[in-house]
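Notes follow the structure.
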Amino acid sequence: MQNVAIELESTPEVIDCREPATHAPLGKVPVDGPDVVRAKVARARVAQKSWGESTFSERRRLLKTILAHVLDHADELCEVVVRDAGKTRENAVMGEIWPVCEKLRWTIANGEKHLRPERMSSGLFLHKKATVLYQPLGVIGVICPWNYPLQNVLGPTIPALFAGNSVVVKVSEQVAWSSARMQRIFDEAFDALGYPKDTVQIVNGYGETGAALVRSGVDKVIFTGSVPNGRRIIEGSVENITPVILELGGKDAFIVCEDAHMEQAVHAALTGVFIAAGQNCMAAERVLVHAKVYDDFVGRLVSEVKKLRVGDAPQGAVDVGALVSPQQVEIVERLVNDAVESGARVLVGGKRGDRPGQFFEPTVLVDVTPDMAIMNEEVFGPVMCVHRYETDDEAIEIANGTRFGLGSTVMSRSGTRARRLAERLRVGSCTINDFGFTYMAQDLPFGGVDASGFGRLNGREGLRGCTNQKAILEDRLPLHMPAKLYPVKPEVYPLVRGVLRTLYQPTLTGRAKAVVELAKNLRR
Ligand code: NAD
């Protein structure tokens, strides 16, 4: 076992960046302390004044410029995230570039439709018209994890910008090296449009830098990360009553019914577990397989997992990359060892990779039980836990049996059954007969319930989540009839009671009686 935890030279002032796959040094990135964070938020607030007044057409131009940049520099950006996060090039292009391009395309095509003033019913007030304005909030603080260095930054920043906000992004200390390259994407786009570069600023640092951003007076925080830090975000947000969106961890269930197409199920499960070496919030962490097809599924799976190539190698030559940090390898190792000690069996892998760099062998564990730590805590590594079930009720009970509720998958040839299972899962999303596509269908909201967080990214909900949804009720006609309440007269109370009965009595006879009563009151 050559995989030793390296001593990083990181200090509170500097982050020592290294490649997870080779431990090769990448460089040192200065830490932004609370003063720098506050100063950047202040500059972002100034920049927002002009950006907040931009037209939708200018905002589309900005996103088109960013899209062109991402496409033109896709190879370079892939190289950057591969080196910084240890992922494979295929995961970089499919898991980073593609979703970002799709999000940009979707926002360019649909953003204005969801953010332009929306006419609503004015209810009782027929003489008024009602509208919702979707106005910028101001400065949005985005706090990112490390697993997708490009997508984690652009994913929340695109809707925040399109809604007219400025953004200060705190990137993860694990991938601080790539942050300068990410900053360039925005700098060039704002330069090209003639808007201030301060509209998007990236800050680097550890937890303290993130905590300073939460407390800096930003108008909203979009946090993506772990549950313990999600709690800290809520604590920090109390000070200024800052609204937050929390996109936290998951423990997603992947349910394989006995009528599933086996080859499709096996390959979707392989993607679900081993993409990004399992460091995916929506990873298929618990694979639940119907007893009737369990042996067939596990047999096919094992033979496929044995073929997976691990390492840091040129394009197309490895399937599973590195884990981001020595600590992440330790978490995976601890959970696998604990499961084995509690009775689980390793069919493939089960240990650290036998090469330098932070690798863990693609692993298949069977005989896991719902009470094991590995079935309840996030693994965030290339480990497939396969659990046998007998009935749909049992599958639902196990699937809903953790504190998380992010994504899920159901594999079945019966659309009705799959849909019924999806409806019964307590989660933010479910993909039927594929893995994770809900995230790529950008019209759909993305987010979780319970310990997986709250609030939504993506889609109309994600865009509007970056706005002040302001209600306006205005005159339809210039009829200036004063509604004089004061001084209050004794007949007001019975009159209003009569009006209430007239309007809200559930039966027609009740309402007719109320009208008669009201007429009497009015005569008096
Ligand atoms: P993490 O919580 O350790 O860190 C996330 C970010 O929060 C980092 O930038 C970190 O520096 C910052 N931070 C740490 N302490 C802070 C504090 N007190 N105040 C403010 N910021 C603070 O998470 P991670 O290890 O980087 O990422 C992995 C986690 O992220 C997993 O749990 C994963 O499931 C989750 N995740 C969720 C989604 C989602 O969309 N739901 C997506 C990706 C990752």
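Both counts, for ligands and for their atoms, begin at 1 and track the order of listing. All heavy atoms count here, side chains included; hydrogens, waters and symmetry mates do not.
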What protein heavy atom sits nearest [atom], and how far away is it?
| atom | result |
| --- | --- |
| atom 35 (C) of ligand 1 | Gly225 O, 3.3 Å |
| atom 39 (C) of ligand 1 | Cys281 SG, 3.4 Å |
| atom 3 (O) of ligand 1 | Asn229 ND2, 3.2 Å |
| atom 43 (C) of ligand 1 | Asn147 ND2, 3.3 Å |
| atom 12 (C) of ligand 1 | Ile143 CG2, 3.8 Å |
| atom 19 (N) of ligand 1 | Ala211 N, 3.4 Å |

- Would you find a donor on one side and an acceptor on the other, under 3.5 Å apart, between the side chain of Thr363 and the backbone of Val383?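 Looks like no, no N/O pair under 3.5 Å.
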So, the side chain of His69 versus the backbone of Ile185: is there a donor-acceptor pair under 3.5 Å, distance only?
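No, the answer is negative, given that no donor and acceptor are paired below the 3.5 Å cut-off.
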I'd like to know if [X] pairs up with [Y] as an ion pair, taking the criterion as any Lys NZ or Arg NE/NH1/NH2 lying under 4.0 Å from an Asp or Glu carboxylate oxygen.
| X | Y | answer |
| --- | --- | --- |
| Lys170 | Glu173 | yes |
| Arg45 | Asp219 | yes |
| Asp187 | Arg184 | no |
| Asp319 | Arg309 | yes |
| Glu330 | Arg334 | no |
| Arg59 | Glu112 | no |
| Glu79 | Arg89 | yes |

Open item on the list: Under 4.0 Å, counting heavy atoms only: does Val171 come that close to any atom of ligand 1?
Closed with: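 Yes; Val171 lies near enough to ligand 1 that a heavy-atom distance drops under 4.0 Å.
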* Measuring from the heavy atoms of Gly448, does anything fall under 4.0 Å of ligand 1? ->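 The answer is no, since Gly448 has no heavy atom less than 4.0 Å from ligand 1.
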Below 3.5 Å, N or O to N or O, backbone or side chain included: is there any such pair between [X] and ligand 1?
| X | value |
| --- | --- |
| Ser226 | yes |
| Ser452 | no |
| Leu248 | yes |
| Trp146 | yes |

Just jot down the ligand 1 atoms closer than 4.0 angstrom to any heavy atom of [X], in number order.
| X | answer |
| --- | --- |
| Phe446 | 40 (O) |
| Arg232 | 18 (N) |
| Thr224 | 5 (C), 36 (N), 37 (C), 38 (C), 39 (C), 40 (O), 42 (C), 43 (C), 44 (C) |
| Lys170 | 8 (C), 9 (O), 10 (C), 11 (O) |
| Phe380 | 28 (C), 31 (C), 33 (C), 34 (O) |
| Ile233 | 19 (N), 20 (C), 21 (N) |
| Cys144 | 5 (C), 6 (C), 8 (C), 9 (O) |
| Gly210 | 19 (N), 20 (C), 21 (N) |

Could you tell me whether [X] approaches ligand 1 through its side chain, its backbone, both or neither, with non-hydrogen atoms closer than 4.0 Å?
| X | value |
| --- | --- |
| Glu247 | both |
| Phe223 | side chain |
| Glu173 | side chain |
| Glu378 | side chain |
| Leu406 | side chain |

Identify, with sequence neighbours excluded, every residue that meets ring-ring contact (aromatic ring centres under 6.0 Å, His included) alongside Phe186.
->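 ring-ring contact (aromatic ring centres under 6.0 Å, His included) list for Phe186, sorted by chain: empty.
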Regarding Asn376 and Lys251, is there a side-chain donor-to-acceptor distance under 3.5 Å anywhere?
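No, Lys251 and Asn376 have no side-chain donor paired with an acceptor closer than 3.5 Å.
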Of the listed options Gly236, Ser172, Pro145, Gly207, closest to atom 27 (O) of ligand 1 (non-hydrogen atoms):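 Nearest option to atom 27 (O) of ligand 1, by heavy atoms: Pro145.
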* Over 60° means perpendicular and under 30° means parallel, so classify the ring planes of Trp106 and His114, tilted if in between. =>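 Parallel: the ring planes of His114 and Trp106 meet at under 30°.
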Using the rule side-chain hydrogen bond (donor to acceptor under 3.5 Å, both in side chains), only one of Arg352, Gln328, Lys351 pairs with Glu333; which is it?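 Option passing the side-chain hydrogen bond (donor to acceptor under 3.5 Å, both in side chains) with Glu333: Arg352.
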What residue pairs, at least two apart or across chains, pass salt bridge (charged side-chain N to carboxylate O under 4.0 Å, His left out) with a residue in residues 221-237?
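Those involving residues 221-237 do not exist here.
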| Picking from Val332, Asp338, Leu335, Val340, what satisfies side-chain contact (heavy atoms from CB on, under 4.5 Å) with Ile374? |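 So the option named by the test is Leu335.
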